[in-house]
Amino acid sequence: MLENLKKDDVIELVIDDIGAESSGIGRFNGEYVVFVPKSVPGDTVRVKIRKKKKKYAESTLLEIIQPSPFRIEPECEYFGTCNGCKMQHIEYAKQLEIKQSIVKNAFERIGGFENVTIPTVLGSEDIYYYRNKLEFSFSNDRWLTSEDMLIENIDKSFAVGYHIPGFNEKILDIRACYLQSLTTNKILNFTRDFFKPKGTSIYTTKTHSGYLRFLTVRKSIYNKGLMVNLITYDENAELVNEYAALLRQEIPEATTLVNSITQSKAQVALANNFNVIYGDGFIEEKIGGYRFKITPNTFFQTNSKQCEKLFETAATIADLGKEENVLDLYCGCGAISLYVSAMVKSVHGVELSNESIDMASENAELNGVNNCTFEAMDVKDYLEKLTASPGGEKFDVIILDPPRSGIHPKAAEYLLQYEAKKLIYVSCNPATQARDVALLKEKYNIISIQPVDMFPHTFHIENVVRLDLKG
Ligand SMILES: C[S@@+](CC[C@H](N)C(=O)[O-])C[C@H]1O[C@@H](n2cnc3c(N)ncnc32)[C@H](O)[C@@H]1O
């Protein structure tokens, strides 16, 4: 009986599922959902009820009575506190199964599609050190872990690492992250050891002042290029030059250093102004034989190796032909456009960021590709223009790879009006993708779905869907 369950009750549960926010799910009386943080499907646990709601309860994990066969020891010392790799305690094969059901749930519950079959997720060969970009934030308000709290007089005034969700300015001071490379960890620790003893100020939104804001590291697997981007509130040439000289000496793998400057109140690691302190100010990556120049602000898929699998999947599902004209919406620096360029007649890429579009044209030139054109524009406005001139260019295939928020409802309306034969929707958020596909189902059938794991240990999953025009 549900009434029998109260706050502070201690109960035993078997975990049979996992929610998208990483808590395991057990069922009290075989029905009432109880979320259990840090648990794994298959665990038998003892928990204390923390909060009881109408449809579910939240609990605190007290004891793992019988560990799940899928439970493994996480590599990272910050597991459980850091918001990054929330599935590091689950065997990788099981992570892929969980992601498969995330996609299925999205299409059934959000998209309203019935009995959707989702194939096995294409896993990543590398499950550690797979990211080509990491972003660390500086803070003068360090988050203390339970171990940190045992240290007397611990200094909370300097941290560089990752955000704690729900605590705006609190940063978990990270010394080792398994997502990029040992060199990146060296750079992170070198940066802390350089600025902290100097008492360098850290930006805070409370006073809208302070020097250090973000540290971004982008690393190529193709040519071993490594770009350090120190994002600061203002310029301090003397300090940056001193940092640069030591960085070059201590970590020669850092091939270029950029100092980006932003006074924006938005806490995002982007800045229009940047000074190249040494090196080229960009790195180069190679996907499917094509070279890509990546500057500090250009979007680029963060798992280079798996990106190749993603593009290969999209191209295979699309079944592209030499006579087809392709429209690549949300094209970034032209990665998908160039990847498919040799398979089709022409590609036109559309993207909001001018910097990315400049990069896309430059990348086409760099690779001697001459059947791709690019245009900087909001996709919704572009599609409005396209549908308003029916006599204009006709695209056979439209590839869409929007940000996590998905496509604008108006863009979906224009796509329905335009009636391209095939739509290939690549998404890093199955929830918004399922919502958008539902908007298109009036004129399109789902032909295939294929999830690809670009982000092992996280709940993120990339998904490719092919939609064909009905009739
Ligand atoms: C997930 S990325 C895809 C990039 C590219 N397809 C790739 O694989 O490298 C999404 C891109 O959409 C762009 N974007 C976001 N909102 C947009 C909009 N309303 N119109 C056009 N582009 C947009 C972003 O700048 C970003 O480059």
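The model shown is predicted, which means the values in this text are computed figures rather than measured ones. All ligand and atom numbering here is 1-based and tracks the order in the structure.
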For each nitrogen or oxygen atom of ligand 1, which protein N/O atoms lie closer than 3.5 Å, and how far apart are they, rounded to 0.1 Å?
residue, atom, partner, partner atom, Å
ligand 1, 6 (N), Tyr330, O, 3.1
ligand 1, 6 (N), Asp401, OD2, 3.0
ligand 1, 8 (O), Gln301, NE2, 2.7
ligand 1, 8 (O), Asp401, OD2, 3.3
ligand 1, 19 (N), Asp378, OD1, 3.4
ligand 1, 20 (N), Val379, N, 3.0
ligand 1, 22 (N), Leu352, N, 3.0
ligand 1, 25 (O), Glu351, OE2, 2.6
ligand 1, 27 (O), Glu351, OE1, 2.7
ligand 1, 27 (O), Glu351, OE2, 3.4

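The aromatic rings of His348 and Phe395 sit parallel, their planes meeting at an angle under 30°, below the 60° perpendicular limit. Classified by interplanar angle (parallel below 30°, tilted 30° to 60°, perpendicular above 60°), the ring pair Phe113/Phe107 is tilted. In this structure, His208 and Tyr203 have perpendicular ring planes: the angle between them is above 60°, well past the 30° mark.
Remark: Lys94 engages Glu97 in a salt bridge, criterion side-chain N to carboxylate O under 4.0 Å. We find that Glu312 and Lys309 are not joined by a salt bridge, their nearest charged nitrogen and carboxylate oxygen being 4.0 Å or further apart.
Evaluation of the side chain to side chain contact (heavy atoms under 4.5 Å, CB included) rule for Asn140 yields Ile202, Thr204 as partners, not counting sequence neighbours.
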